[in-house]
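To keep things clear, I will list the structure first and then write my remarks on it.
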Amino acid sequence: MTIRWGLIGASNIAREYVIDAIRAEGGEIAAVMSSNPERGAAYARENGIPLAFANLDDLLSADIDAVYISTTNELHLEQALAAARAGKHILCEKPLALSSNDARKMVVAASIANVVLATNHHLRNAGAHRAMREAIRAGAIGKPVAARVFHSVYLPEHLQGWRLKDPAAGGGVVLDITVHDADTLRFVLGHDPIEISAFTQAAGMAASGLEDGAMCIWRFKSGLIAQSHEGFTTKFAETGFEVHGTEGSLIASDVMTQKPVGSVILRTAIGEEELPLERESLYGRALGAFHAAIRGEGQPAATGEDGVWSLACAEAALQSARTGRAVKIEPGVRVRT
Ligand code: NDP
């Protein structure tokens, strides 16, 4: 069965990555919805999409099985609830909503409607992060005790809009990048964080009280501590992810990215070895798992529950930055998806 998609939002991320990934994984894009009819029609034309709608009800009434929500963050909640009510499977961009409580409502709605809800946390699909997770599970570094995430980038000019100046749209680097780091840490370590302490900054690009840089310190259930750096302002920084254990270290370079690039070194008493990595598209892998989940074969790569978790972490980071105190991470009860 070919899965027919409706895009909610004529977005950059859909154009750059997700449209191709849906098609590469055998899906068909039937329609796009944009709040601006002219831009929507142009977007449909440019991307070979047969139908463009200017309102959500029309899109949800079309012959589609699933929606991809990639509007600005304040719109995800209502759009996802409407899609669930219409019985459509939902791939939603991160952050799922502006609060973890709202994200939880989405998980509950999807569960009641018996549709698949996934969060587009692409990084857990990277060969590098999967290799690190497997090495840790296999005991290659002994007991993991510390992790460091380097995820400060320079926000490309064409994305320098709502992320930097619109708090109502869910701008700021924490909702944009810290959520990804939360998910990647949880995925690679196989443990949940319990507490976070954060400093944020406005280093010259963000406005309206938003932050464009953050440094977080995390404590995990296992006792591991981690640090992460997220930023929009660092033109010359590199990304990376390290996990240090009692018997070895995993040192990954250039892996906090949208492309299947980078490397992972395993360093132990024996010496150094570069781990072999699969170089599959991160978004393609997410779409493959999502299509399979619709067919009843397994879970999406990142579930709605994973999206609640990453947002609860981001919320706690923002609260910590505001109050100057460490904050417990409490995503609340788990709901079957
Ligand atoms: P965009 O700014 O490209 O799109 C967001 C919305 O802005 C669209 O829904 C569209 O509204 C409107 N818009 C787009 N282009 C224009 C324009 N030229 N003029 C006026 N309005 C415009 O956002 P992104 O693609 O960067 O992000 C969308 C979502 O995806 C966010 O939730 C973000 O966090 C997430 N994201 C996730 C990534 C990942 O790898 N998982 C990477 C990047 C983003 P309309 O719908 O009305 O047409």
Side-chain angles (χ1 to χ4, degrees), residues 6-22 31-47 49 51-56 58-59 67-80 82-83 90-98 102-103 106 118-126 129 151 153 155-184 187 210 230 232 239 255-260 281-287 290 300-302 306-307 310-311 314:
L7 306 183
I8 302 181
S11 70
N12 190 68
I13 179 70
R15 184 176 47 234
E16 283 188 2
Y17 290 99
V18 178
I19 289 174
D20 285 349
I22 289 173
V32 59
M33 190 218 87
S34 165
S35 59
N36 178 317
E38 288 80 43
R39 195 158 38 74
Y43 190 96
R45 212 170 34 249
E46 286 156 19
N47 293 289
I49 301 170
L51 294 168
F53 295 109
N55 82 64
L56 187 56
D58 290 345
L59 179 94
V67 296
Y68 169 55
I69 300 177
S70 63
T71 47
T72 46
N73 302 330
E74 85 286 14
L75 300 174
H76 297 176
L77 170 68
E78 290 308 325
Q79 292 169 338
I90 305 161
L91 172 60
C92 186
E93 270 305 342
K94 42 47 68 170
L96 282 187
L98 296 186
D102 282 348
M106 294 162 67
T119 311
N120 202 24
H121 278 309
H122 62 290
L123 286 163
R124 57 166 67 206
N125 298 303
H129 297 130
H151 199 171
V153 298
L155 188 66
E157 254 170 54
H158 68 286
L159 299 184
Q160 291 179 21
W162 57 270
R163 280 179 178 77
L164 294 176
K165 60 174 190 238
D166 194 350
V173 79
V174 172
L175 287 182
D176 201 53
I177 303 185
T178 308
V179 287
H180 279 313
D181 292 348
D183 188 67
T184 313
F187 176 75
L210 288 173
E230 296 88 22
F232 286 150
T239 72
V255 293
M256 305 308 287
T257 162
Q258 295 173 292
K259 303 233 159 73
S281 154
L282 282 60
Y283 296 93
R285 192 174 168 87
L287 264 298
F290 189 85
D306 291 317
S310 61
L311 188 46

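For ligands, and for the atoms within them, numbers begin at 1 and follow the listed sequence.
A salt bridge links Asp306 with Arg124: the distance from a Lys NZ or Arg NE/NH1/NH2 to an Asp or Glu carboxylate oxygen falls below 4.0 Å.
Using modelled atom types, one side-chain atom of Tyr43 and one backbone atom of Arg15 make a donor-acceptor pair closer than 3.5 Å. For the pair Thr239 (side chain) and His151 (backbone), a donor-acceptor distance under 3.5 Å is absent. A donor-acceptor pair is defined here as one N or O able to donate and one able to accept, closer than 3.5 Å; such a pair exists between the side chain of Thr257 and the backbone of Lys259. Not one N or O on the side chain of Glu74 forms a donor-acceptor pair closer than 3.5 Å with the backbone of Leu98.
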Run through all N or O atoms in ligand 1 and write down each protein N or O closer than 3.5 Å, as a pair with its distance.
unit_1   : atom_1 : unit_2 : atom_2 : d
ligand 1 : 2 (O)  : Trp162 : NE1    : 2.9
ligand 1 : 3 (O)  : Asn12  : N      : 2.8
ligand 1 : 13 (N) : Arg39  : NH1    : 3.4
ligand 1 : 21 (N) : Arg39  : NH2    : 3.2
ligand 1 : 25 (O) : Asn12  : N      : 3.2
ligand 1 : 25 (O) : Ile13  : N      : 2.8
ligand 1 : 26 (O) : Arg163 : NH1    : 3.0
ligand 1 : 26 (O) : Arg163 : NH2    : 2.9
ligand 1 : 32 (O) : Thr71  : O      : 3.3
ligand 1 : 32 (O) : Asn73  : OD1    : 2.6
ligand 1 : 32 (O) : His76  : NE2    : 3.3
ligand 1 : 32 (O) : Lys94  : O      : 3.3
ligand 1 : 34 (O) : Lys94  : O      : 2.9
ligand 1 : 34 (O) : Lys94  : NZ     : 3.0
ligand 1 : 40 (O) : His122 : ND1    : 3.0
ligand 1 : 40 (O) : Tyr283 : OH     : 2.5
ligand 1 : 41 (N) : Glu93  : OE1    : 3.0
ligand 1 : 41 (N) : Asn120 : O      : 2.9
ligand 1 : 46 (O) : Ala10  : N      : 3.3
ligand 1 : 47 (O) : Ser35  : N      : 2.7
ligand 1 : 47 (O) : Ser35  : OG     : 2.4
ligand 1 : 48 (O) : Ser34  : OG     : 2.6
ligand 1 : 48 (O) : Arg39  : NH1    : 2.9

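Qualifying ring-ring contact (aromatic ring centres under 6.0 Å, His included) partners for His180, counting only residues two or more places apart in sequence or in other chains: His121, His122.
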